[in-house]
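First up is the structure itself, then whatever we jot down about it.
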Amino acid sequence: MELRICHLYPDLLNLYGDRGNLLTLKQRCQWRGIDCTITPISLGDPFAASDYDLVFMGGGQDYEQNLLYEDLIEQKGDAIRAAVEDGLVFLCICGGYQLMGRYYEEQDGHRIDGLGAIDVRTIGRPDRLIGNTIHEAAWLSGQGSDPVLVGFENHSGRTYLGPGVRPLAKVRKGGGNNGDDQTEGAIYKNAYCTYSHGSFLPKNPAMADHLIETALKRRYPEFEELLPLDDQLAENARKYLVNCNC
Amino acid sequence: MAGLFRSRLTLPERARASLAIQTGRALTFLLRRLGRGATALPGKAALVVDPLLLKRLTAGRTVYLVTGTNGKTTTVRILCSILESLGTPVITNPSGANLDSGLTTTLLDHLPLLRQKTTGENDVAIVFEIDEAFFAKLAVSLGPSICVVTNFFRDQLDRYGELAHTRDLIAKGLADSSARVVLCADDSLCASLARGREDQCLFFGLDQAAMQSGPSGAVTESAFCTFCGTRYQYQAHAYGHLGHFTCPDCGFTRPQPDLSFAPAAPDPREQQATSGENSESQTLLFHYHGETIRAELAIPGLHNGYNASAALLAAIAGGQAFAPAADVLGQARAAFGRMERFQVDGREVCLILVKNPVGMDRALDYVSHATDFGAAMLLLNANDPDGRDVSWIWDVDFETHLLPGPLGVSGIRAADMALRLNYAGKPATELDVEPDALALFDRQLALCPSGTCLYILPNYTAMLDLRASLVRRYHLREFWRKGG
C-alpha cells in the first residue's frame with residue numbers, strides 16, 4: 001500500500017515549518033509499513049491529479065507567492081479545481097488556503113483572483129493575527145478522536161466562508177479565519193484548509209491520520225482503518241499548549 | 001568637554017547636549033547605587049533631553065554597524081578583537097542593547113574614551129551590533145563609516161516578517177548613506193544590496209574551489225532572483241542558499257569577492273602547540289587582492305569563517321592593512337554562548353546558541369562531526385526574544401545530522417523539540433525530557449566519558465538561563481571574562 005503525496009511549489013511555499021506536515025504524513029505512513037512518496041511540483045511542472053492521493057500546499061512570503069501566481073492560476077488551475085470536485089484530498093495552509101479561494105482583496109480594494117476551487121474569499125487588513133491557537137473540530141470527536149486542534153497562526157488576511165463550505169473548527173483561542181465569526185479553516189469535499197502553522201499535523205495526529213485514511217480509502221476501497229500509534233510525545237506538546245496560557 | 005563633539009555645535013546645542021549627558025550619567029549612577037544594571041534607561045532619558053545626542057556623539061567618528069540575520073555578535077566580537085589588537089580602542093554595545101537608547105547608554109559609559117583627543121589609528125572606533133529591524137532608522141542617525149551585512153537567513157518570522165522585507169529595510173538604511181558597505185558575495189539577497197551603490201561596496205565570500213560543486217539539494221531560501229524572479233542556477237554551494245549563484249535571465253550573479261577565504265589543513269607546528277584542541281579552532285587561508293595570509297581562528301565552523309571574513313574586510317574598509325589585521329585574527333575568542341567552551345570534571349562543555357534553522361543546521365553539522373562528542377542536549381524556549389513561534393524547528397534538517405545516543409531536551413517548549421526529534425527518527429526511549437535544565441545538564445554530563453564534550457544547543461533565553469546557572473555553580477565568571 002502506498003500514499004502518493006504531491007507537494008505544490010515546495011521551493012516557493014515553505015514558510016513557518018510547513019514541511020513538518022509532510023514529514024508527519026510520511027513518518028506516520030512508514031511507522032505503519034505504508035509506503036509514502038512525496039513529489040515536488042513547482043513552476044513549469046505539469047500537475048496530473050490522477051498521479052496523487054493527497055496534495056499539500058503551504059504558505060509563502062509575498063515575493064514568492066507573486067512568482068508562482070501565474071503558473072498556478074493559468075497552468076494548474078483547471079486541474080486543481082477538477083481534482084477538488086472529484087474528492088482528491090488537499091491540505092492547504094495559510095497562503096495556500098487563500099489561493100484556493102475565490103479572491104484576495106487587498107487593502108486598497110484591488111482584487112486578486114484565486115483558484116476558485118473553494119468558495120471562500122479573503123480581505124487584507126493592516127494588522128496581523130499572530131499567536132498560539134486552540135480550536136475545536138467537533139467532527140473529529142464524531143470519529144472517536146480528540147477534537148482539539150492546536151497551532152500557531154500568523155496572517156493579515158481575513159477569510160470568510162461561502163455557503164457550502166464548512167469551517168474546519170470552532171475557535172477557542174486565537175483569531176481563526178477572520179477574528180469575527182469564531183470559525184477556523186475550511187472543509188469542502190476532501191479539501192482541508194487552515195491558518196495553523198506550528199506545524200499543524202505533528203501536534204494534531206488525529207487530523208494527520210484522518211487525511212491519510214481518507215486518501216487511502218479513496219485509492220483502496222477495501223482499506224478499513226489505520227493501526228494506532230503511540231502519540232504520547234504529541235500529547236505532551238498539545239497539553240502544554242492547551243494549559244500554558246501563552 | 002573638548003573633543004567630545006566632533007561636529008560644530010552652537011552654544012545652545014552644546015548646553016542641551018551637556019545637560020542630556022549629565023541626566024544620563026546621573027541616572028546610571030543612581031541605578032548602579034540601587035544595584036541595578038543600566039542598559040536602556042539612562043540613554044532613553046538623555047535622548048528625551050536631547051533627541052540628537054546620539055548623532056552628536058558619533059559625528060566625525062569611525063562608526064561600524066553590523067547587521068544581518070546570523071553571525072552579528074560573533075562578527076562584532078572578531079572585529080573588536082582585530083581593532084583592539086592593532087591598537088585602536090573600541091566602544092561596543094552589549095548584545096541585546098541595540099536600540100538608540102541602549103547605544104546612547106553605551107556611549108555615556110565611555111565618555112573618557114570619547115573625550116580623548118587622539119586622531120588617526122589610535123582614535124576610538126565605535127562598533128555597534130544592530131538588529132535588522134532597527135537598522136534603517138539607526139543608520140540615518142548614526143551616520144556610519146562602515147556597514148556590514150552578514151547574511152539573510154530565515155529567522156523567527158513572527159518578529160520580523162518576511163525575508164525580502166528585512167532586506168528592503170536594510171536597503172532603506174543604506175539608501176542615503178555614504179558608508180563603505182561590506183556584503184556577503186555568496187548570499188544573493190545580501191549581494192543584491194550593492195545594486196546602485198557598487199562603488200561603495202566590498203564583498204567577502206568562500207573560495208569557489210572550497211565550495212561543493214553544483215546546486216545544493218536543499219536550497220529553499222531565496223531560490224529566485226531578487227530582481228527578476230527567475231530561478232537561480234548554482235555552479236557551487238557552501239551551505240543553505242550561500243553559493244555561486246547566477247540568474248540565467250537578467251544575469252545577476254555572485255560578485256567577485258574582494259576578500260575570500262578557504263579552510264586549510266592546520267599547520268603541523270601549530271597543531272602540536274594546541275594539541276587536543278582541534279575541534280576548537282580552524283586554519284583559514286585569506287586572499288585579498290593577490291595577497292594570501294594563513295590564519296588560525298579559535299572559533300570553529302564554516303559559518304565562522306564567513307564571520308571572520310566579514311570582520312576582516314570591515315577592518316580593511318576602516319583603514320587597516322590586510323596582513324596585520326589577518327595576523328591578529330587568532331586572538332579573537334568566541335562570543336557569549338557562541339561555541340563557548342569550559343571544563344568540568346575532566347570533561348568539556350560547549351554552548352552553541354541556535355536561533356533559527358540555518359543556525360541549528362550548522363550547529364548539528366559541527367557537533368555530528370566533532371571527534372570529542374560525548375552527549376548533547378537541546379533547549380527550546382519561546383519567550384519574546386526567542387520568538388513565540390517554534391515552528392522553525394520543523395525547517396531544521398535533523399534527519400541528516402541525527403545526533404547519536406540519548407539526547408537531553410529541556411526549555412519551555414521541550415515537548416515540541418522532543419516531538420520533532422522523534423519524527424526525525426529518535427525513539428522516545430532515547431529522549432530525556434526534563435524541565436529542569438540544570439538537572440538535565442548533570443545527567444547528560446554523567447553520560448560523557450572522560451575527555452569528551454557535552455554539547456548544549458539552546459536558543460536565546462534558554463542559553464541565558466542555563467549559562468547563568470553554570471556561571472554561579474562553577475564560579476566561571478573569571479574564565480568567561482578572560483575570553484573578553
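Here is how names work: the chains are called A, B, and so on, in the same order as the sequence lines, proteins then strands, and each is numbered from 1.
Both the backbone and the side chain of Thr24(A) come within contact range of chain B, each with at least one heavy atom under 4.5 Å from a heavy atom of that chain. Both the backbone and the side chain of Tyr63(A) come within contact range of chain B, each with at least one heavy atom under 4.5 Å from a heavy atom of that chain. Residue Lys239(A) does not touch chain B at all, counting heavy-atom pairs closer than 4.5 Å.
Arg413(B) and Leu241(A) make their closest contact through NH2-CD2, 3.7 Å (heavy atoms, listed as atom of the first residue, atom of the second, distance). In plain terms, the two heavy atoms of Arg231(B) and Ser42(A) that are nearest each other are NH2-OG, 3.8 Å. Residues Ser391(B) and Ser199(A) share a closest heavy-atom pair of CB-N, 4.2 Å. Contact record, Asp18(A) with Asp395(B): N-OD1, 4.4 Å, taken as the closest heavy-atom pair.
Here Leu233(A) contributes atom CG and Leu421(B) contributes atom CG; the two are 9.5 Å apart, rounded to the nearest 0.5 Å. Here the straight-line distance linking atom CH2 of Trp394(B) with atom CG of Leu22(A) works out to 11.5 Å at 0.5 Å rounding. Distance CD/Gln61(A) to OG1/Thr166(B): 8.0 Å, rounded to 0.5 Å. Note that OG of Ser222(B) is 12.0 Å distant from CG of Asp11(A), once rounded to the nearest 0.5 Å. The CD atom of Glu235(A) sits 11.0 Å away from the CG atom of Leu419(B) when rounded to the nearest 0.5 Å. Distance check: Phe224(B) CZ to Glu64(A) CD gives 7.5 Å after rounding to the nearest 0.5 Å.
Annotation: maximal heavy-atom pairing with chain B below 4.5 Å, among Asn236(A), Asp62(A), Leu23(A), occurs at Asp62(A). The choice from Pro202(A), Gly131(A), Gly20(A), Cys244(A) that makes the most heavy-atom pairs within less than 4.5 Å of chain B is Pro202(A). The most heavy-atom pairs under 4.5 Å with chain A, out of Thr230(B), Ile412(B), Val390(B), come from Ile412(B).
Around atom NZ of Lys137(B), no more than 12 heavy atoms belonging to other residues, nucleotides or ligands sit under 6.0 Å away. Taking a 6.0 Å sphere around CD of Glu225(A), one finds it holds 12 or fewer heavy atoms contributed by other residues, nucleotides or ligands. The environment of CG in Asn243(A) is crowded: more than 12 heavy-atom neighbours from other residues, nucleotides or ligands sit within 6.0 Å. Atom CD of Glu70(A) is surrounded by 12 or fewer heavy atoms from other residues, nucleotides or ligands within 6.0 Å.
Between Tyr423(B) and Trp31(A), a ring centre-to-centre spacing shorter than 6.0 Å is recorded.
Not one N or O on the side chain of Gln27(A) forms a donor-acceptor pair closer than 3.5 Å with the backbone of Ala424(B). No side-chain donor-acceptor contact under 3.5 Å links Arg388(B) to the backbone of Asn132(A).
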Please step through side-chain hydrogen bond (donor to acceptor under 3.5 Å, both in side chains) for the pair Arg154(B) and Asn14(A), ending with a clear verdict. CA-CA 11 Å; Arg154(B) 177 176 300 211; Asn14(A) 49 30; 2.9 Å; yes
